[in-house]
Amino acid sequence: MGCGDSLSFLRHFLLGIVLGIFNFVSSLINIYYLYKEGHKLYGSISVFLLWFPGLVTSTAFIVLYASGNKTVLKLKRWKLVVYPAGLLLFYPVVPIILTLTYLVTRNEKHHERA
């Protein structure tokens with residue numbers, strides 16, 4: 001492992017994984033305390049902003065299916081339900097998982113998805 005590889009690993013580990021986990025956990029703590037203190041509006045806005053990218057991605061997936069995209073139409077029926085639901089529910093941790101997968105496999109496709 002050369003110097004460039006070490007710096008790349010460190011950059012992906014610190015900025016992709018550590019910072020992503022810190023952001024996710026601190027957002028959840030912030031939401032918890034907002035609800036605990038009675039600030040339901042701000043807590044709801046925080047939840048919405050945390051899961052908004054998953055909402056957009058899930059909606060885009062459904063729009064692609066409705067518009068007749070060939071790739072999406074080839075999927076089995078159960079995947080048409082699981083993919084949008086999974087994206088919606090787990091979107092805050094998806095970039096962290098994809099970055100970790102890239103660090104383990106060194107597959108550029110995972111890096112592009114993150």
Could you measure the distance from the [atom1] atom of [X] to the [atom2] atom of [Y]? Nearest 0.5 Å is fine.
| X | Y | atom1 | atom2 | answer |
| --- | --- | --- | --- | --- |
| K76 | Y83 | NZ | OH | 10.0 Å |
| I62 | T57 | CD1 | OG1 | 11.0 Å |
| L19 | L14 | CG | CG | 9.0 Å |

Under the side-chain contact (heavy atoms from CB on, under 4.5 Å) test, which residues partner [X], sequence neighbours left out?
| X | answer |
| --- | --- |
| S44 | Y35 |
| P92 | F24, L50, W51 |
| L73 | Y65 |
| L89 | none |

Closest approach of [X] and [Y], non-hydrogen atoms and distance?
| X | Y | result |
| --- | --- | --- |
| L34 | S46 | CD1-OG, 3.7 Å |
| P53 | Y91 | CB-CE2, 3.1 Å |
| P84 | S58 | O-OG, 2.7 Å |

Which residues pass the ring pair (Phe, Tyr, Trp, His ring centres under 6.0 Å) test with F52, sequence neighbours left out?
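Ring pair (Phe, Tyr, Trp, His ring centres under 6.0 Å) check on F52 returns F48.
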Name all residues meeting the side chain to side chain donor-acceptor pair (under 3.5 Å) criterion together with Y33; count only those two or more places apart in sequence or in a different chain, and write none if there are none.
none
Going through the checks in order, is the side-chain contact (heavy atoms from CB on, under 4.5 Å) test met by F61 and L80?
CA-CA 9 Å; F61 192 86; L80 292 173; 4.2 Å; yes
In this structure, which one of T101, T99, L100, V94 forms a side chain to side chain contact (heavy atoms under 4.5 Å, CB included) with I97?
T101
Are L103 and I17 close enough that some pair of their side-chain heavy atoms sits under 4.5 Å apart?
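With C-beta onward as the side chain, the pair touches.
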